[in-house]
Trainee: 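Below is the structure I would like to discuss, written out as structure tokens.
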Amino acid sequence: MITLQRVTAISLFLLPAFLSLPSRTATAPLPPLDLFSNSTCTAPPQRKEWRTLPPHEKQAYLAAVLCLQRRASTLRPTLPGAVSRFDDFQGVHIQHMETVHLNGQFLPWHRYFTAVYEDALRVQCGFGGAQPYWDWTLDADGVWAESPVFSPIDGFGGNGPYVPCEDQPFEAFCIPNGTGGGCVPDGPFRNLTLHLGPGQNVHRNDHCLRRNFHLQSIQYWFSASEVAQTLEEDSYVRFWRRLEGLFEVHRIGLHGAGHLGVGGTLSDVYSSPGDPLFYLHHANLDRLWWQWQQLNPTERLTDISGPDSQGPTARNVTLQYEIDLGKLALKVKIADVMHIGRRALCYGYA
């Protein structure tokens, strides 16, 4: 059993062309992204599992992420510590974490958030592909550290060196019984400096990207039976609750297991988008939601509910409920993101 140490319950949530860009020169604030400027969707890009991409497509995606980390932040008035455009996304997640987890807008909010990130890679960094996803079930029965996503050559780098919780910086999120804990030593993000976090901090606080693999929950949560049982849930509320999980060790769900399995920065419930793997993880969760929707599209493309917060004044989430990404993108209604192959979203899954 995992024991808690210096960690709150909430933390259990658990290249070539672009490298020549000028480094984070000041830019005029960008208007919020508007994915609805194109109202048609005739040839939706297909999101693919990372290991199925040919090497040149992997390198193109990694180059675009590195590019976004070199683009200057446009949200400094509300995120004073942000340096890069990549930071802007992490900061918006920090600011909205408590209103978009453990409630009914969890899945549509993250669907829209990931799509806006994907659009930023295209518009601001010339990425010509689709956001990939990581199907962690393909790695659950093997050696976790040997997953293609952790490749130092055409992946995101691997585990950090082992650092006991008591020897890690006090402000770092550390969950005991991990196998790493230190800075990612290889791959394209080995020198990544994160400027926001850990936790709720949105002021300048330079630190490295950390990983701390936790192997205890991977085989259990990423089993074919757990995925099948999740997809068998008969209502959105039951599906969302099982998929997202709770901030409890034995009820973390597929969502929490992905964050905790990688650990380190990705296990920080507020600041987890500091690890670029966040977007592959959430793309896979979105894929499972879309798969669930397609099992009964007549009903499930409009099935949304659940509270909009955890307090006694919570309202019910409906199709007319607005998704708020702050100044990162225009507000949209949940109804606008229920179908991934229409209008703003315009993508599919292969």
Trainee: Under 6.0 Å between ring centres, would you say that holds for His214 and His259?
Mentor: no

Trainee: Would you please test Phe150 and Trp134 for ring pair (Phe, Tyr, Trp, His ring centres under 6.0 Å) and show each step?
Mentor: CA-CA 11 Å; Phe150 299 127; Trp134 172 29; 5.5 Å; yes

Trainee: So His281 and Trp136, ring pair (Phe, Tyr, Trp, His ring centres under 6.0 Å) or not? Walk me through it.
Mentor: CA-CA 8 Å; His281 174 48; Trp136 2 256; 5.8 Å; yes

Trainee: What distance separates Arg85 CZ from Thr74 OG1, expressed to the nearest 0.5 Å?
Mentor: 3.5 Å

Trainee: Taking side-chain contact (heavy atoms from CB on, under 4.5 Å) as the definition, give me every residue that meets it alongside Asp141, ordered by chain and number, with sequence neighbours left out.
Mentor: none

Trainee: Go through the steps to decide whether His96 and His110 satisfy the test ring pair (Phe, Tyr, Trp, His ring centres under 6.0 Å), and finish with yes or no.
Mentor: CA-CA 11 Å; His96 291 264; His110 284 84; over 10 Å; no

Trainee: Are the side chain of Gln105 and the backbone of Tyr321 linked by a donor-acceptor contact shorter than 3.5 Å?
Mentor: no

Trainee: Quick check for you: to the nearest 0.5 Å, what is the distance between Gln320 atom CD and Asp336 atom CG?
Mentor: 8.5 Å

Trainee: I need the Asp303 CG to Asn296 CG distance, nearest 0.5 Å.
Mentor: 9.0 Å

Trainee: Report the residues that fulfil salt bridge (Lys or Arg N to Asp or Glu O under 4.0 Å) with Asp286, sequence neighbours left out, ordered by chain and then residue number.
Mentor: Arg47, Arg111

Trainee: Rounded to the nearest 0.5 Å, what separation is found between the CG atom of Leu345 and the CH2 atom of Trp290?
Mentor: 9.5 Å

Trainee: Keeping Asp87 on the side-chain end and Val83 on the backbone end, is there a donor-acceptor pair under 3.5 Å?
Mentor: yes

Trainee: Pick one: which of Trp50, Tyr349, Tyr279 meets ring pair (Phe, Tyr, Trp, His ring centres under 6.0 Å) with Tyr133?
Mentor: Tyr349

Trainee: So does Gly341 get a backbone contact from the side chain of His339, meaning a donor-acceptor N/O pair under 3.5 Å?
Mentor: yes

Trainee: Give me the atom names and distance for the closest heavy-atom approach of Ser73 to Ala82.
Mentor: OG-CB, 3.4 Å

Trainee: How long is the straight-line distance from CG of Leu107 back to NE2 of His255, given to the nearest 0.5 Å?
Mentor: 9.0 Å

Trainee: Tell me, do Val100 and Phe113 make a side-chain contact under 4.5 Å, heavy atoms counted?
Mentor: no

Trainee: Mind checking whether Arg287 and Glu49 have side chains closer than 4.5 Å, heavy atoms only?
Mentor: no

Trainee: Within the 3.5 Å criterion, strictly below it, is a donor on Ser267 or Asn212 matched to an acceptor on the partner's side chain?
Mentor: no

